[in-house]
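If you scroll down you'll find the structure; I have some questions about it.
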Amino acid sequence: MNYRDIPAENLLKIKTLGQLKGAGYEPQSVKQELRQNLIKKLQSKEEIFPGIWGYEETVIPDMQRAILSMHHINLLGLRGQAKTRIARQMIDLLDEYIPVVQGSELNDDPMQPLSRFAKDMVHEHGDDTPITWLHRSDRYTEKLATPDVSVADLIGDADPIKAATMKLPYSDERVIHFGLIPRSHRGIFVINELPDLQARIQVSLFNILQEGDIQIRGFKVRLPLDIQFVFTANPEDYTNRGSIVTPLKDRIDSQIITHYPKTIETGKKITSQEAHIKAEQQQLVQTNDIIGDLIEQVAFEARESEYVDAKSGVSARLTISAYENLLSAAERRALLNGENKTYVRVADFLNTIPAVTGKVELVYEGEQEGAGHVAQVLMGKAIRTQFLKYFPDPDKAKKAKEGNTYKAITDWFGDGNTVDILNDASTADYKKALYKVPGLQELVEKHQSKAKGDEKLFLMEFALHGLAEHSQLSKNRLSTGLQFKDLLSGMFSMPTFGDEEEEDY
């Protein structure tokens, strides 16, 4: 039987170097291992990098080409673009178990020992050299680049305590304490945020990437390490913390550029997959596709906003946090009203401002406006954009030959009537407030005839918000919710000094 066809449970029964040779084991590099396992998965049509949405035709094929080429990889992209997640999933392309010399701190291959310890063990015991098995999950090492990272951390240094304990002179290589990179021999080593690594530390990686060896202090030790390097970095043209030094960049074989989701649907897949929704929330709160579209639209609007720093990017974490916050807002309302079931509202969406303000980096103009106001503007634009997918354009409706479909609604508000949509209103109060607007129910029934029950109520509220964003109504913020009224009355009613109850936006 071919060694690679031996089941894992049988491999674990092999305990010595002689038994390993008898099984037909032959050493191979970690890059060859990744390449062979990728080839098998491609031939069997298995999904590679599952759960990474939006990269099926861009990043994932680039990753596969890089692995087939046995390249070191740099994933370059803005924050929240699944760079680290992709690196971590490379573990699945490793063999389930590999043999190592028992007691070796460098994961030495029994047939290609690297460290002084492993060489002495093989020399002394021969085919009786004890071996153990290393699972692929233990062959992944990740290090976040921070300014305090030293060469000793990554490569290693002489350990005086080790020398004193073992009674060895400092000239003996056994006094070396190996760093993270040598300990990652025969595995995958990831450095996140590479530009944050000081230039002099980046220089220490030159030999490892090109020649595959390391030098520690004054020791004449050459360790031809076998490591698959993966780096992640933000575009260095904007980071003021540092950059990737040119010779190091030259030694990284493949630089793969990541990107944000290109469609709302892709964004929704990512959000639903990553959001931590509690079981009790799923039972208590009912949602719809529109609210998911609104949340994703906020991220799209933010990436195009003049207030947001485009170079910093808008992470997918914004939509994930906002979705979690939205369900919590609906859950809180239901708990306050003693309701066993509730349906999401547009008001819940507007209460996710705290999830937005901390996720966007503002330019000078945005700082002047304030993070809270910018979040409100982004949400307003999201409503404006999504509204047109479900209802006619209010500007065109005015000129329509068959008459303005919104006339009954706007006329009612024009007569001085107002509607208050409170954040914590019970379902009965919420329904009462919406149904008192003439023409609102008919509007939804005409253009969204399939909507029934709670979904119809949601669309009725959505229509009010859409009309306000298209300057047909005035939307004013109350301390506990929103008030809709006629556009002109909203423009002419100025809040008095010190009045915090009502504020136009």
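Counting from 1, the numbers follow the sequence of the chain as shown.
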Checklist entry - Would a distance-only check, ignoring hydrogens and angles, find a side-chain to backbone donor-acceptor pair under 3.5 Å from Lys15 to Asp128? => result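 No.
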Next on the checklist: Given 3.5 Å as the limit, does a donor-acceptor pair link the side chain of Lys21 with the main chain of Asp127, or not?
Outcome noted: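 Checked: no pair found.
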Checklist entry - Is any side-chain heavy atom of Ile181 closer than 4.5 Å to a side-chain heavy atom of Phe229? => result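 With C-beta onward as the side chain, the pair touches.
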Checklist entry - Is Asp95 close to Arg4 at the side-chain level, that is, under 4.5 Å between some pair of heavy atoms? => result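 Yes, their side chains come closer than 4.5 Å.
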Checklist entry - Hey, does Ile256 have a side-chain heavy atom less than 4.5 Å from the side chain of Leu76? => result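 No, every pair of side-chain atoms sits at 4.5 Å or beyond.
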Next on the checklist: With rounding to the nearest 0.5 angstrom, report the CG to OG distance, Asp92 to Ser137.
Outcome noted: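 Spacing of CG (Asp92) from OG (Ser137) equals 10.5 Å.
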Item to check | Geometric class of the Phe387/Phe462 ring pair [parallel <30°, tilted 30-60°, perpendicular >60°] | outcome: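 The arrangement is perpendicular - the two ring planes meet at more than 60°.
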Item to check | Nearest heavy atoms of Ile252 and Leu194, plus distance in Å | outcome: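 Here Ile252 and Leu194 meet closest at CD1-CD2, 4.1 Å.
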Checklist entry - Is there a side-chain contact between Arg139 and Ile91, using heavy atoms and a 4.5 Å cut-off? => result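 They are not in contact (no side-chain heavy atoms under 4.5 Å apart), so the answer is no.
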Item to check | Gap separating the NE2 atom of His72 from the CD atom of Gln228, nearest 0.5 angstrom | outcome: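 These two atoms lie 6.5 Å from each other.
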Item to check | Check: Tyr323 side chain, Ile295 main-chain N or O, donor-acceptor pair, under 3.5 Å | outcome: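 No, the answer is negative, given that no donor and acceptor are paired below the 3.5 Å cut-off.
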Next on the checklist: Show, in sequence, the C-alpha distance, side-chain angles and deciding distance for Asn351 and Asn325, and conclude whether the side-chain contact (heavy atoms from CB on, under 4.5 Å) test is met.
Outcome noted: CA-CA 8 Å; Asn351 282 326; Asn325 219 336; over 6 Å; no
Checklist entry - Do other residues, nucleotides or ligands put more than 12 heavy atoms under 6.0 Å from the CZ atom of Arg317? => result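 No - once you tally the heavy atoms of other residues, nucleotides and ligands closer than 6.0 Å, there are 12 at most.
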Checklist entry - Once you round to the nearest 0.5 Å, how far does OG1 of Thr385 lie from CD of Glu301? => result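 Separation between the atoms: 4.0 Å.
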Checklist entry - Is any side-chain heavy atom of Gln198 less than 4.5 Å from a side-chain heavy atom of Val151? => result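 Heavy-atom side-chain distance check fails, nothing below 4.5 Å.
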Item to check | Residue Glu304 excluded, over 12 heavy atoms near CD under 6.0 Å | outcome: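 Check fails, neighbour count at 12 or below.
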Item to check | Criterion side-chain contact (heavy atoms from CB on, under 4.5 Å) on Arg186 and Asp109, from CA distance to verdict | outcome: CA-CA 8 Å; Arg186 301 175 72 201; Asp109 188 317; 3.6 Å; yes
Next on the checklist: Give me the atom names and distance for the closest heavy-atom approach of Val308 to Ala302.
Outcome noted: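 Smallest heavy-atom distance, with atoms named: CB-O, 3.4 Å.
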Next on the checklist: Quick one, Val149 and Asp196 - any side-chain contact, counting heavy atoms below 4.5 Å?
Outcome noted: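 No. Closest side-chain heavy atoms not under 4.5 Å.
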Checklist entry - Would Gln81 and Thr258 count as having a side-chain donor-acceptor pair, cut-off 3.5 Å? => result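 Indeed, the side chains of Gln81 and Thr258 share at least one donor-acceptor pair under 3.5 Å.
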Item to check | Neighbour count above 12 (heavy atom, 6.0 Å) for Glu9 CD | outcome: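 Yes, CD of Glu9 has more than 12 neighbouring heavy atoms, counting only those of other groups under 6.0 Å.
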Checklist entry - Cationic tip of Arg303 within the cone over Phe300's six-membered ring, i.e. under 6.0 Å and within 45° of the normal? => result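 Yes, a cation-pi geometry holds between Arg303 and Phe300.
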Next on the checklist: Checking the side chain of Asn192 only, and the main-chain atoms of Leu144 only, is there a donor and an acceptor separated by less than 3.5 Å?
Outcome noted: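 Answer holds: no.
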Next on the checklist: Please check this pair: side chain of Trp133 against backbone of Ile14, looking for a donor-acceptor N/O pair closer than 3.5 Å.
Outcome noted: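 Judged by distance alone, yes, a pair lies under 3.5 Å.
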Checklist entry - Just checking, is any N or O donor in the side chain of Ser44 or Glu46 under 3.5 Å from an acceptor N or O on the other one? => result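 On atom types as modelled, these side chains qualify, holding a pair under 3.5 Å.
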Next on the checklist: Would Arg88 pass as a cation-pi partner of Tyr140, given that its NZ or CZ must be under 6.0 Å from the six-membered ring centre and within 45 degrees of the axis?
Outcome noted: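 Arg88 over Tyr140 ring: no.
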Item to check | Ser115 and Glu105: side chain donor to acceptor below 3.5 Å | outcome: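 Their side chains do not contain a donor-acceptor pair, so the 3.5 Å distance test is not met.
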Next on the checklist: Would you say that more than 12 heavy atoms from the other residues, nucleotides or ligands in this model lie under 6.0 Å from the CD of Glu57, or not?
Outcome noted: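 Count not over threshold, so no.
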Next on the checklist: Strictly below 4.0 Å, N to O, side chains only: are Glu33 and Arg136 in salt-bridge contact?
Outcome noted: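 The answer is no: the pair does not qualify as a salt bridge.
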Item to check | Asn107 to Arg183 - nearest heavy-atom pair and separation | outcome: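 It is ND2-O, 3.2 Å.
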Checklist entry - What class does the angle between the rings of Tyr97 and His135 fall in, given that below 30° is parallel, 30 to 60° is tilted and above 60° is perpendicular? => result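 Rings of Tyr97 and His135: perpendicular, as their planes differ by over 60°.
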Next on the checklist: Restricting to non-hydrogen atoms, name the atom on Val100 and the atom on Leu134 that form the minimum distance, rounded to 0.1 Å.
Outcome noted: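 Closest approach of Val100 to Leu134, heavy atoms only: CG1-CB, 4.2 Å.
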Side-chain donor-acceptor distances from residues 60-68 under 3.5 Å, at least two apart:
from, atom 1, to, atom 2, distance (Å)
Asp62, OD1, Arg65, NH2, 2.8

Checklist entry - Between atom CD1 of Ile48 and atom CD of Glu56, what is the distance when rounded to the nearest 0.5 Å? => result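 Nearest 0.5 Å value for the CD1-CD distance: 12.5 Å.
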Item to check | From CA spacing to verdict: side-chain contact (heavy atoms from CB on, under 4.5 Å), Leu114, Leu225 | outcome: CA-CA 8 Å; Leu114 190 68; Leu225 296 172; 3.7 Å; yes
Checklist entry - Taking all non-hydrogen atoms of both residues, which atom of Ala382 and which atom of Gln297 are closest, and how far apart? => result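 Looks like CA-CG, 3.5 Å.
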Checklist entry - Okay, side chain of Glu331, backbone of Leu284: is any donor-acceptor separation there less than 3.5 Å? => result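 Answer holds: no.
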Checklist entry - Donor-acceptor pair, Ser315 side chain versus Leu318 backbone, under 3.5 Å? => result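 No: the side chain of Ser315 does not pair with the backbone of Leu318.
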Checklist entry - Under the 3.5 angstrom rule, does the side chain of Glu361 hit a backbone N or O of Ser312 as a donor-acceptor pair? => result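 Judged by distance alone, no pair lies under 3.5 Å.
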Next on the checklist: Could you check whether Glu274 pairs with Arg85 (Lys NZ or Arg NE/NH1/NH2 to Asp/Glu carboxylate O, under 4.0 Å)?
Outcome noted: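 Yes, Glu274 and Arg85 are salt-bridged.
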Checklist entry - Are side-chain heavy atoms of Thr129 and Pro110 found at a separation under 4.5 Å? => result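 They are not in side-chain contact.
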I'd like a table of donor-acceptor pairs (distance under 3.5 Å, sequence neighbours excluded) in which one partner is a side-chain atom from residues 343-350, with atom names and distances.
from, atom 1, to, atom 2, distance (Å)
Tyr343, OH, Asn288, ND2, 3.2
Arg345, NH1, Ala425, O, 2.9
Arg345, NH2, Ala425, O, 3.2
Asp348, OD1, Arg333, NH1, 2.5
Asp348, OD2, Arg333, NH1, 3.0
Asp348, OD2, Arg345, N, 2.9

Next on the checklist: Does Ile191 form a side-chain contact (heavy atoms from CB on, under 4.5 Å) with Thr232? I'd like the steps, not just the answer.
Outcome noted: CA-CA 6 Å; Ile191 297 181; Thr232 72; over 6 Å; no
Next on the checklist: Could you report the tightest heavy-atom contact between Tyr3 and Leu11, atom names first, then the distance?
Outcome noted: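 For Tyr3 versus Leu11, the nearest heavy atoms are CE1-CD2, 3.5 Å.
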Checklist entry - Taking the side chain from Thr266 and the backbone from Lys262, do they hold a donor-acceptor pair closer than 3.5 Å? => result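 Here the side-chain-to-backbone pair does not exist.
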Checklist entry - With distance as the sole test, does Lys31 use its side chain to make a donor-acceptor pair with the main-chain N or O of Gln28 at under 3.5 Å? => result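 Judged by distance alone, no pair lies under 3.5 Å.
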Checklist entry - Atom CG in Asp454, atom NZ in Lys341: separation rounded to 0.5 Å? => result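 Here the interatomic distance stands at 11.0 Å.
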Item to check | From Lys381 atom NZ to Ser305 atom OG, the distance as rounded to the nearest 0.5 Å | outcome: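 Nearest 0.5 Å value for the NZ-OG distance: 5.0 Å.
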Checklist entry - So do the side chains of Lys359 and Ser321 get within less than 4.5 Å of each other, counting heavy atoms only? => result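 The answer is yes; the side chains approach within 4.5 Å.
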